[in-house]
There are 2 protein chains.
Amino acid sequence: MRKYRLVADQLLEEITHGKYKNELRLPTEEDLIVAYSVSKSTLRNAIDVLVDKSILYRVQGSGIYIRKPIYPDTITINSIKGFKEEFKNKKIHSKVIKLEQVEADAEISFKLQCEIGTPVYFVNRIRYVENEPFSIEYSYFNKNIIPYLGKEIAEKSIYNYIENDLNLSIGFADKYISVEKLSKIDSDHLQLNESDPSMVTEETVFLSNGKVFNHSKVIHNYKYAKFFALAKNR
Amino acid sequence: MRKYRLVADQLLEEITHGKYKNELRLPTEEDLIVAYSVSKSTLRNAIDVLVDKSILYRVQGSGIYIRKPIYPDTITINSIKGFKEEFKNKKIHSKVIKLEQVEADAEISFKLQCEIGTPVYFVNRIRYVENEPFSIEYSYFNKNIIPYLGKEIAEKSIYNYIENDLNLSIGFADKYISVEKLSKIDSDHLQLNESDPSMVTEETVFLSNGKVFNHSKVIHNYKYAKFFALAKNR
DNA sequence: TTGGATTTGTGCGTATGTATA
DNA sequence: CTATACATACGCACAAATCCA
């Protein structure tokens with residue numbers, strides 16, 4: 001693995017294991033450079049990772065500080081984690097309502113930025129957290145990029161499959177968040193009333209090479225859905 | 001201004017003015033380094049700015065590409081813009097319902113990370129876009145950091161005042177997003193029905209020196225509120 | 001209040017690694 | 001397999017913000 005990630009991982013572990021529990025400020029860049037035997041740019045890359053994760057913040061001329069932990073049980077918008085990863089300290093499972101192969105029509109081809117007629121997988125899943133229905137996912141995958149997708153995969157983690165089995169590198173995602181009133185069928189799935197509100201996210205997910213492989217619309221139970229984002233001023 | 005920002009600004013202007021309209025790919029890093037007469041690290045910092053703004057994306061071994069524009073009329077979660085800045089191509093105005101100085105109680109002091117009893121400003125505003133009620137803001141400012149706040153400022157732009165008049169540097173913000181049903185008073189302000197849904201954001205805003213100066217709860221009209229975020233995989 | 005010391009930010013240049021074409 | 005192009009890593013100098021005597 002790249003050096004700056006090793007440093008970031010190690011630093012994070014030291015922080016979470018209380019190495020700096022009595023101080024808000026980390027050692028200076030120069031001290032950390034010596035401690036980890038890396039160059040200035042490598043150390044700064046490592047710190048950048050933890051700043052983006054809301055673990056640390058920097059103050060020019062002053063130092064690098066440890067942040068208070070963010071509110072727990074929130075979905076982090078800035079990062080791309082699978083459902084499993086997001087709730088890894090909770091009991092979660094998924095029910096696959098439908099998984100089929102179709103050809104992209106005009107709307108799907110637009111969302112997946114591919115040709116009309118491209119073979120795609122459609123997946124409809126319900127996600128449960130602690131046995132409560134948490135969200136309903138309507139998801140499309142470009143079959144030219146994801147050659148195979150089965151129910152046995154969709155019941156576990158599609159993202160884990162893509163990254164570890166297919167060895168593809170997920171790059172970035174556009175996420176749109178809005179509020180909609182529930183349809184009859186979605187309200188049934190979520191055990192809510194029709195026309196109750198829902199938090200809706202619509203995501204376009206890109207591989208590191210810039211190709212769109214996935215588009216998802218996720219209907220969240222409004223009682224549980226809470227999102228977190230770190231905003232930076234630049 | 002710092003060189004990498006000048007390069008980022010210039011590059012963005014060239015992109016938006018169609019210099020690269022016939023190509024998806026920018027010139028190579030090396031070419032851009034020569035074109036702008038800067039070092040590699042300066043150029044990379046400039047590109048980073050535009051990547052964070054969802055203008056560009058990079059593919060190792062391939063090139064730097066221009067992204068399709070994001071969906072318009074969305075609020076960007078990743079960045080800290082004032083209301084005015086976010087809707088700068090729209091007609092917007094604000095109505096100040098209340099502006100008063102109070103002492104921080106337990107809850108406010110927790111949210112502003114200050115002592116109980118600290119003098120704070122409380123501001124309650126309604127924001128209009130194209131004369132439609134868009135959101136209701138309940139906001140607290142630490143008076144030890146923002147020594148003065150008046151109605152004449154709150155009717156325009158508090159953020160503009162803080163950055164340009166007080167010359168303070170806004171650093172980062174934690175944002176939480178959830179859905180709540182409207183209270184009677186909020187539904188009246190938004191011209192909606194009581195118990196209609198609303199998109200709620202709760203923000204803690206930090207100066208560059210890490211001090212909390214503002215905490216806001218904003219109730220958005222669910223019909224108009226649409227948020228955008230760029231997620232990165234790291 | 002000031003000014004020097006400390007600490008992070010920016011900028012330069014180069015070499016090598018890694019993914020893409 | 002080779003060439004291309006971005007990613008990582010090293011090290012140094014100076015700028016800018018903060019801190020403190």
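Order of the sequence lines sets the chain letters (A, B, ...), proteins ahead of strands, with each chain counted from 1. Computed from a predicted structure; not experimentally measured.
Ile66(A) meets the side chain to side chain contact (heavy atoms under 4.5 Å, CB included) test with Ile15(A), Tyr20(A), Leu26(A), Leu56(A); sequence neighbours excluded.
Protein atom CG of Leu32(B) is 13 Å distant from nucleotide atom P of dA7(D), rounded to whole Å. Note: CD (Glu29(B)) to P (dA7(D)) measures 6 Å, nearest angstrom. When rounded to the nearest whole Å, the span between CZ of Arg44(B) and C1' of dA5(D) equals 11 Å. Asn233(B) has its CG atom 15 Å from the P atom of dA7(D), to the nearest Å. In this structure, CD of Glu30(A) is placed 13 Å from P of dA13(D), rounded to the nearest angstrom.
Although no hydrogens or angles enter the test, the distance criterion places no donor-acceptor pair under 3.5 Å between the side chain of Glu155(B) and the main chain of Val96(B). Put simply, the side chain of Asn214(B) gets close to the backbone of Tyr140(B): a donor and an acceptor are under 3.5 Å apart.
Terminal axes of the helix from dT2(C)-dA21(D) to dA21(C)-dT2(D) (five pairs each, C1' rotation axis) are separated by 20°, to the nearest 10°.
Under a cut-off of 6.0 angstrom, the local environment of NZ in Lys53(A) is sparse, with at most 12 non-hydrogen atoms contributed by other residues, nucleotides or ligands. Applying the 6.0 Å contact sphere to CD of Glu30(B) captures no more than 12 heavy atoms from other residues, nucleotides or ligands.
In terms of heavy atoms, Ala229(B) sits closest to Asn78(B) at CA-OD1, 3.3 Å. Nearest heavy atom pair, residue Phe134(A) against residue Ala225(A), reads CZ-CA, 4.4 Å.
Within residues 2-11 of chain A, the residues having any heavy atom closer than 4.0 Å to DNA chain D are, in order of number, Arg2(A), Lys3(A), Tyr4(A).
Between Leu43(A) and Lys40(A), the residue anchored closer to the 5' end of DNA chain D is Leu43(A), taking for each the nucleotide with the nearest heavy atom.
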For residues 199-210 of chain B, which side-chain N or O atoms pair as donor and acceptor with protein atoms under 3.5 Å away, sequence neighbours left out?
unit_1    : atom_1 : unit_2    : atom_2 : d
Ser208(B) : OG     : Ser169(B) : O      : 3.3
Ser208(B) : OG     : Ser169(B) : OG     : 2.6
Asn209(B) : OD1    : Lys211(B) : N      : 3.0

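Under the side chain to side chain contact (heavy atoms under 4.5 Å, CB included) test applied with Phe172(B), the options Leu230(A), Asn233(A), Val51(A) reduce to a single match, Leu230(A). Of the options Glu137(B), Arg127(B), Lys84(B), a side-chain hydrogen bond (donor to acceptor under 3.5 Å, both in side chains) to Ser94(B) is made by Arg127(B) and by none of the others.
The pair Glu107(A)-Lys111(A) meets the salt-bridge criterion, with a side-chain N (NZ, NE, NH1 or NH2) lying under 4.0 Å from an Asp/Glu carboxylate O.
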Could I get a table of every N or O pair under 3.5 Å where one atom is in the protein and the other is in nucleotides 17-21 of chain D?
unit_1  : atom_1 : unit_2   : atom_2 : d
dC19(D) : OP1    : Ser62(A) : OG     : 3.3

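Arg25(B) has a side-chain polar atom (N or O) that falls below the 4.0 Å cut-off from OP1 or OP2 of dA5(D).
The nucleotide range of DNA chain C contacted by chain B, defined by atoms under 4.0 angstrom from heavy atoms of the protein and reported 5' to 3', is dT10(C) to dA21(C).
Contacts of Ser41(A) with the nucleic acid, taken as non-hydrogen atoms under 4.0 Å apart, include base atoms.
For the pair Lys226(B) and Tyr71(B), the cation-pi test (distance below 6.0 Å, angle within 45°) is passed.
Using cut-offs of 30° and 60° on the angle between ring planes, the pair Tyr148(B) and Tyr121(B) is perpendicular.
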